[in-house]
K.L.:
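Got a structure here, written out as structure tokens. Questions coming.
The chains referred to below are lettered A, B, ... by the order of the sequence lines, with proteins before strands, and numbering in each begins at 1.
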There are 2 protein chains.
Amino acid sequence: MPTIIEVAALAGVSTATVSRVLSRPEQVSEETRRRVLEVVRESGYTPNVAARSLRTLRAAKILLTVPDISNAFFASVIRGAEEAARDAGYSVMVGDTRHDPEVEDQYADMLSRREVDGLIFLGHRLPASLAPLLARKGTAAPIVNGCEYSPDLGVPSVHIDNAAASADAIQHLIDLGHRRIGVITGPEISPISRDRLAGAIDAATRAGLRDSLHIRVGDYSAGSAVDQTRDLLAQDVTAIFCFSDEMAMGALSAIGDAGLKCPRDVSVIGFDDLPLARYFQPPLTTIAQPKGMIGRRTVELLVDILRGVESPSQQVTLRHELVIRSSTAPPASGL
Amino acid sequence: MPTIIEVAALAGVSTATVSRVLSRPEQVSEETRRRVLEVVRESGYTPNVAARSLRTLRAAKILLTVPDISNAFFASVIRGAEEAARDAGYSVMVGDTRHDPEVEDQYADMLSRREVDGLIFLGHRLPASLAPLLARKGTAAPIVNGCEYSPDLGVPSVHIDNAAASADAIQHLIDLGHRRIGVITGPEISPISRDRLAGAIDAATRAGLRDSLHIRVGDYSAGSAVDQTRDLLAQDVTAIFCFSDEMAMGALSAIGDAGLKCPRDVSVIGFDDLPLARYFQPPLTTIAQPKGMIGRRTVELLVDILRGVESPSQQVTLRHELVIRSSTAPPASGL
DNA sequence: ATATCCGATGTAATCCTTTACATTCGATTG
DNA sequence: CAATCGAATGTAAAGGATTACATCGGATAT
């Protein structure tokens, strides 16, 4: 691997010229450019990123942290982010925080240390070590949130209208005729879980059915939904709305274990529209989030900030969609 | 963010001493060390990674590429890898190649450019751009494969005994009394799919049932299994062995669509033991791979190479396990 | 008392690239 | 023809850390 010095020598020019050929080719004469590029190609020269980033104070990298990489929801977001990053000349580092604040802080330190130019976090916790940076630079800090919008964070964010989406789900169940509806939420600290709950309660209240909602707290995992579903079935609910598709999977499993059948005995509606949701038994009715687009827009937002665009958007709200498959149906008429 | 120079000035020592305190503290006197560390703490100094890596030619980073980040199987492997990397003082960059050779090459270039110290790839394709490096350094090249062992790659690898695991699955079905067994494989280029197929055929042949196997080609995705399952059901198989849990999910979905019931009418057995497998309907019998351990050992192997351990192991074979849940049962006696 | 050694610390070169500023030279203008 | 300009290129200073080598002073050996 040659250095720029050797390339310059071979091409009979100075290192400055080589550097210019590579980063601002229009400043170099046609003739010289061709000669340099020829040498670059032959020698297989590529600029040393450490040296470059030392000099420019830019790493051309974006850090993307997810609270749980085994959650398929995030996979699609990551994809969208990587594509957008590639388009903008950045590469993405993915970090799995496992909901561990210590790990979150470790990753956040990479930003303080300037190992990466910006941070996108998909969880709801803003790492503590970023507080000073955020206080200093406000929304000009290269930090963006995806999915888990919370106004107190003071960070730009990309998300759907969770309250409205949730209301759509409840409305769908009400329209089908359900009057005893179970809701399995995310953890209480999750801001979007609160938004969704508020939306659900809103929709029920508007229909004069505030009391028909039976609320249970889950943690987005299939396992947590199993227990809560058993509980809800004991309450004779005819439908269950889960705040994630994974929980819907757990709910379906518990329904089957109880000797019941979905949607004949109990309807189930999920949230996320994972790629696998169509293969659930029965295929899952759910709220689709534009996952890839969320990833893409978070990166675009971050890149705007990095480029110093004067007034980057603060909040981007994308459209959700109710996808009706076979896990929801009118309640059994017998009841 | 202060530099080492300012820290040195504040502590009244030279930059060399500060550097030594941080990397080889035993070379510095107790007294000086304390003073320097105090300044470091107060000033919040952290070494600039670009400068360090420029000087040392090491990045303290490992690149881990996965062919499909939305596949939950890889999530667990990534976790194990990240833990092991953290233990060894490295951090992990995750790259999603989406099975795209061009993207694979792009990531591989990060190794050539020394942006990362080593590469772990979980797919079966060795990026073309690494051929020269591999030719030059042989197995001393900092490249390790996980899961997809293939002897022709000439790269150390961590994996299970896929043929034996597959044989176990078939044997389980045979033991239950199945005599018409469908097999849905991975893509034909996948070496582990070939191994598994060989193992399956072996087991069937040993039982004198070579002709009872009905083989269909899938691509590890749920969707591909749906079509193949329909086809197999038309052949009146009483059991289906899928080379991934995702395909098992597709198979279950297709079985339900056909108005049949698992395991009453058709048994299904998967491969991987995803976290969700226990929530399938019915809970899935499958071959468990030690996913976290695969990740961990690939990193350990790579770190051995990076540290110049003279004879790092070439192949690590970990243990699999047949996990019997409820998706397999004896065939309906009526047949 | 002198020579020797060793632990602790300092000096300065080095890693490779980018870029502000300087230089050169041919073309244009008055 | 001298002065001015501008495009193309070169010179050299940064950027921050590591580390080979040099230095210093006190302890030990002779």
K.L.:
Write out all pairs satisfying ring-ring contact (aromatic ring centres under 6.0 Å, His included) with one or both partners inside residues 110-137 of chain B, taking only residues at least two apart or from two chains.
P.N.:
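ring-ring contact (aromatic ring centres under 6.0 Å, His included) check on residues 110-137 of chain B returns no pairs.
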K.L.:
Do B:Thr97 side-chain atoms and B:Val66 backbone N/O form a donor-acceptor pair below 3.5 Å?
P.N.:
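Present.
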K.L.:
Are the side chain of A:Ser19 and the backbone N or O of A:Thr15 linked by a donor-acceptor pair below 3.5 Å?
P.N.:
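Answer holds: no.
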K.L.:
For B:Arg20, check side-chain contact (heavy atoms from CB on, under 4.5 Å) against everything at least two apart and list the hits.
P.N.:
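With neighbours one apart ignored, the set is B:Ala16, B:Thr17, B:Gln27, B:Val28.
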K.L.:
Can you give me the first and the last nucleotide of DNA chain D (5' to 3') that has an atom within less than 4.0 angstrom of a non-hydrogen atom in chain B?
P.N.:
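The footprint of chain B covers D:dG16 to D:dT19.
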K.L.:
Looking at every heavy atom in both A:Ala88 and A:Arg307, which two are closest together, and how far apart are they?
P.N.:
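For A:Ala88 versus A:Arg307, the nearest heavy atoms are O-NH2, 3.9 Å.
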K.L.:
Can you sort out which residues in residues 2-30 of chain A have a heavy atom within less than 4.0 Å of DNA chain C? Ascending by number, please.
P.N.:
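Contacts with DNA chain C under 4.0 Å: A:Thr3, A:Ile4, A:Thr15, A:Ala16, A:Ser19, A:Arg24.
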K.L.:
Within residues 36-57 of chain B, which residues have any heavy atom lying less than 4.0 Å from an atom of DNA chain C?
P.N.:
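Residues of residues 36-57 of chain B under 4.0 Å from DNA chain C: B:Leu54, B:Arg55.
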K.L.:
For A:Leu22 and A:Pro47, work out which heavy atoms get closest and say how close.
P.N.:
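Residues A:Leu22 and A:Pro47, closest heavy atoms: CD2-CG, 4.3 Å.
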K.L.:
Which heavy atom of B:Pro2 sits nearest to which heavy atom of B:Tyr45, and what is that distance?
P.N.:
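In this case the closest contact between B:Pro2 and B:Tyr45 is O-CD1, 3.2 Å.
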K.L.:
Considering only residues two or more places apart or on different chains, which pairs with a residue in residues 60-88 of chain A satisfy side chain to side chain donor-acceptor pair (under 3.5 Å)?
P.N.:
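The answer is A:Lys61-B:Glu115, A:Asp68-A:Ser70, A:Asp68-B:Arg79, A:Arg79-B:Asp68, A:Arg79-B:Asp96, A:Glu82-B:Tyr107, A:Glu83-B:Arg98, A:Arg86-B:Gln106, A:Asp87-A:Arg296.
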K.L.:
Just by modelled atom types, is the B:Ile62 backbone N or O under 3.5 Å from a matching donor or acceptor in the B:Asp117 side chain?
P.N.:
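The answer is no, because no donor-acceptor pair under 3.5 Å joins these two groups.
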K.L.:
Return the residues of residues 106-114 of chain B meeting this criterion: a heavy atom under 4.0 Å from some atom of DNA chain C. Order them by number, or give none.
P.N.:
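Within residues 106-114 of chain B, no residue comes under 4.0 Å of DNA chain C.
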K.L.:
With sequence neighbours excluded, what pairs up with B:Ser53 under the side-chain contact (heavy atoms from CB on, under 4.5 Å) test?
P.N.:
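If we apply the side-chain contact (heavy atoms from CB on, under 4.5 Å) test to B:Ser53, skipping adjacent residues, the hits are A:Ala50.
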K.L.:
Could you grab the distance from atom CG of A:Asn48 to atom CG of B:Leu54, nearest 0.5 Å is fine?
P.N.:
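Here the rounded value is 6.0 Å.
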K.L.:
Under the side-chain contact (heavy atoms from CB on, under 4.5 Å) rule, collect the residues that match up with B:Leu133, sequence neighbours excluded.
P.N.:
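Scan of B:Leu133 (side-chain contact (heavy atoms from CB on, under 4.5 Å), adjacent residues dropped) gives B:Leu111, B:Leu130, B:Arg136, B:Lys137, B:Ala141, B:Ile143.
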K.L.:
Tell me every residue that passes side-chain contact (heavy atoms from CB on, under 4.5 Å) with A:Arg297, counting only those two or more places apart in sequence or in another chain.
P.N.:
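Only A:Val158, A:Met293, A:Glu300, A:Val316, A:Leu318 meet the side-chain contact (heavy atoms from CB on, under 4.5 Å) criterion with A:Arg297.
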K.L.:
If I take atom CZ in residue B:Arg35 and atom P in nucleotide C:dA8, what distance separates them, rounded to the nearest angstrom?
P.N.:
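Spelled out: CZ on B:Arg35 to P on C:dA8 is 14 Å.
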K.L.:
How far does the helix from C:dA1-D:dT30 to C:dG30-D:dC1 bend, going by the axes of its first and last five pairs, to the nearest 10°?
P.N.:
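Rounded to the nearest 10 degrees, the bend comes out at 50°.
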K.L.:
Roughly how far, to the nearest 0.5 Å, is the CD1 atom of B:Ile5 from the OG atom of B:Ser14?
P.N.:
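One finds 11.5 Å between OG of B:Ser14 and CD1 of B:Ile5.
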K.L.:
Who are the ring-ring contact (aromatic ring centres under 6.0 Å, His included) partners of B:Tyr149, not counting sequence neighbours?
P.N.:
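Residues passing ring-ring contact (aromatic ring centres under 6.0 Å, His included) with B:Tyr149: B:His159.
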